[in-house]
Q: 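Let me give you the structure first, and then I'll get to my questions.
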Amino acid sequence: MQLNDLSLFRQQAYIEGEWRDAHGGETITVTNPANDQPLGSVPKMGAEETRAAIEGANRALPAWRALTAKERATLLRRWFDLMMTHQDDLARLMTLEQGKPLAEAKGEIAYAASFIEWFAEEGKRIYGDTIPGHQADKRLLVIKQPIGVTAAITPWNFPSAMITRKAGPALAAGCTMVLKPASQTPFSALALAELASRAGIPAGVFNVVTGSAAAVGNELTSNPLVRKLSFTGSTDVGRQLMAQCAKDIKKVSLELGGNAPFIVFDDADLDKAVEGALASKFRNAGQTCVCANRLYVQEGVYASFAEKLQLAVEKLQLGDGLTPGVTTGPLIDSKAVAKVQEHIADAVEKGARIITGGNTHALGGNFFQPTILVDVPACAKVAKEETFGPLAPLFRFKDEADVIAMANDTEFGLAAYFYARDMSRVFRVGEALEYGIVGINTGIISNEVAPFGGVKASGLGREGSKYGIEDYLEIKYMCIGL
Ligand code: ADP
């Protein structure tokens, strides 16, 4: 591992301020998706170690909660500063375990750090209310308090940002946290724990348990000390975790799957739409939950949009994320490759045509060519299911009402995008799309100051922004008699 600061590469879990191995010494090997070579290993922990972490988080809670928001913010700010100081190393570690190009990984570290900075500040603004009394001798006061010990389970596609988006608001609000990162990308999480420790965040406030998803997840959702779970991942797993949390009525926040429509109307600025489609569809090799999944293009501009998109896509450089100039890395594993192949085969069988890509790449392994399909029929699988890969299927549509109906015809409701210049249409379509996030004339919508989250089967709660901290707070109403 070539890092400037080798101690950021941790191969143990972080529980109550200590680096620990699994009880029985079992480990999970982590590989580089660009070449399937092993990078190192992390402990394969289960229920017992998770319980220890939860108990540690519970012991740390009273003192952490008792600090002022400013005192917590000072420590969080230090954590943010350390992330930015070590941005290059953190990005390299991420590219090695996740595959995304180094420039994208550096961008993610800055994005991840921004949640710590934002929420450190936001923690100071957890205001309550005084409510005019309903009786002359009553005074009504509303305060907001940290919910307590929280748990987070995060995915591999954003190994750093999905953690800080949860840990930032949790810690700023005065909660403590036990995190289970994805087993494909645990080193980014452990490096964050190392920096939290250097920042002076007290033992037990932020814990990272690596290991068996089912065993760790089961303890996190069934232990009564945990008062809240925040999960980012697939809808199926989210549904299962929510059911597990039902027993103790734990609060849940869920960021689940999407099936983002990307609509190009006749009056769109086509060059901007191509730029947006490229960013939204092909960033992280198509492996983000807000990636455009279905591109609907109005018939008047269909041919020219397809042509322009093809030119842009053919400029993408596939390769190992550490190689300079590479814009598109490998997919996370062979299962991900199989899913893209399945969606292409299904669409082609139903009448679609491949205009670029369509195959695994000469680089082999998990590399897949950025692909565009045209004339995709509405009955294709890709209209209903999330591909999570570098596949842009182009559907044709006639009028606004039709495309809105098609865009909303899904169980998901995370992000939607459209390009149009007519002001009335912008409002009409923006309001009609049943999604938590709508990108209008832009393909990039994520940042720390805006509320990110979905409706329908895409989840519950919002992350980032002033709303993001609410998920980690309980409201208490005090009725005071005079
Ligand atoms: P993805 O398709 O993004 O890998 P998953 O939902 O499978 O999404 O995984 C997201 C996170 O959920 C990972 O950290 C994974 O280890 C964890 N996970 C998967 N299955 C379970 C489960 N049954 N219980 C708890 N966590 C799980």
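Numbering of ligands and ligand atoms starts at 1, following listing order.
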Q: Which protein heavy atom lies closest to atom 23 (N) of ligand 1, and at what distance to 0.1 Å?
A: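 The answer is Q240 NE2, 3.3 Å.
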
Q: Using heavy-atom distances only, which candidate in T232, I153, V237 approaches atom 10 (C) of ligand 1 most closely?
A: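 Of the listed residues, T232 has the closest heavy atom.
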
Q: Any luck finding a side-chain donor-acceptor pair between T221 and Q244 under 3.5 Å?
A: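 Judged by distance alone, the side chains do pair up.
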
Q: Please report which non-hydrogen protein atom sits nearest to atom 12 (O) of ligand 1, along with the residue it belongs to and the distance in Å to one decimal place.
A: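 Ranked first by proximity to atom 12 (O) of ligand 1 is F231 CE1, 3.2 Å.
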
Q: For the rings on Y435 and F412, is their centre-to-centre separation under 6.0 Å?
A: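 For Y435 and F412, the ring centres are not under 6.0 Å apart.
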
Q: Identify the protein heavy atom lying closest to atom 8 (O) of ligand 1, giving its residue, its atom name and the separation to 0.1 Å.
A: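 That would be S234 N, 3.5 Å.
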
Q: Mark up the atoms of ligand 1 that fall under 4.0 Å of a heavy atom belonging to T154, in ascending order.
A: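 This gives 11 (C), 13 (C), 14 (O) as the contact atoms.
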
Q: Can you list the atoms of ligand 1 that are under 4.0 Å from a heavy atom of W156?
A: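 Selected atoms, number and element: 1 (P), 3 (O), 4 (O).
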
Q: Distance to 0.1 Å, residue and atom name: give those for the protein heavy atom nearest to atom 26 (N) of ligand 1.
A: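 Of every protein heavy atom, A213 O, 3.7 Å lies nearest to atom 26 (N) of ligand 1.
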
Q: Do the ring planes of F187 and F9 sit parallel (below 30°), tilted (30 to 60°) or perpendicular (above 60°)?
A: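 Aromatic pair F187/F9 classed perpendicular.
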
Q: Any side-chain donor paired with an acceptor under 3.5 Å for Q12 and D21?
A: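 Yes - a donor-acceptor pair under 3.5 Å links their side chains.
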
Q: Would you give me the side-chain donor-acceptor pairs under 3.5 Å for residues 147-161, sequence neighbours excluded?
A:
{"from": "T150", "atom 1": "OG1", "to": "T176", "atom 2": "O", "distance (Å)": "2.8"}
{"from": "N157", "atom 1": "ND2", "to": "Q287", "atom 2": "O", "distance (Å)": "3.1"}

Q: With heavy atoms of L241 as the reference, note each atom of ligand 1 found under 4.0 Å away.
A: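 So the atoms of ligand 1 that pass are 24 (N), 25 (C).
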
Q: Is it true that the side chains of S7 and R198 contain a donor and an acceptor less than 3.5 Å apart?
A: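 Yes - a donor-acceptor pair under 3.5 Å links their side chains.
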
Q: Looking only at heavy atoms, what is the nearest atom pair of A199 and L82, with distance?
A: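 Residues A199 and L82, closest heavy atoms: N-CD1, 3.6 Å.
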
Q: Geometry only, no angles: is S183 polar-contacting ligand 1 at N/O separations under 3.5 Å?
A: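 No.
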
Q: Hey, which atoms in ligand 1 end up nearer than 4.0 Å to a heavy atom of A182?
A: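 Near A182, the atoms of ligand 1 are 14 (O).
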
Q: Could you check whether any side-chain heavy atom of T328 comes within less than 4.5 Å of a side-chain heavy atom of F368, counting everything from C-beta outward?
A: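 The answer is no; the side chains never approach within 4.5 Å.
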
Q: With sequence neighbours excluded, what pairs up with E16 under the side chain to side chain donor-acceptor pair (under 3.5 Å) test?
A: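 Once residues adjacent in sequence are excluded, the partners of E16 under the side chain to side chain donor-acceptor pair (under 3.5 Å) criterion are R59.
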
Q: Under 3.5 Å, N or O to N or O, is K180 touching ligand 1 that way?
A: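 Yes, there is a polar N/O contact under 3.5 Å.
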
Q: So, 4.0 Å and heavy atoms of F388: is ligand 1 close enough to count as a contact?
A: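 Flag not set, F388 not near ligand 1.
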
Q: Within the 4.0 Å heavy-atom shell around G217, which atoms of ligand 1 are there?
A: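 Close to G217: 25 (C).
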
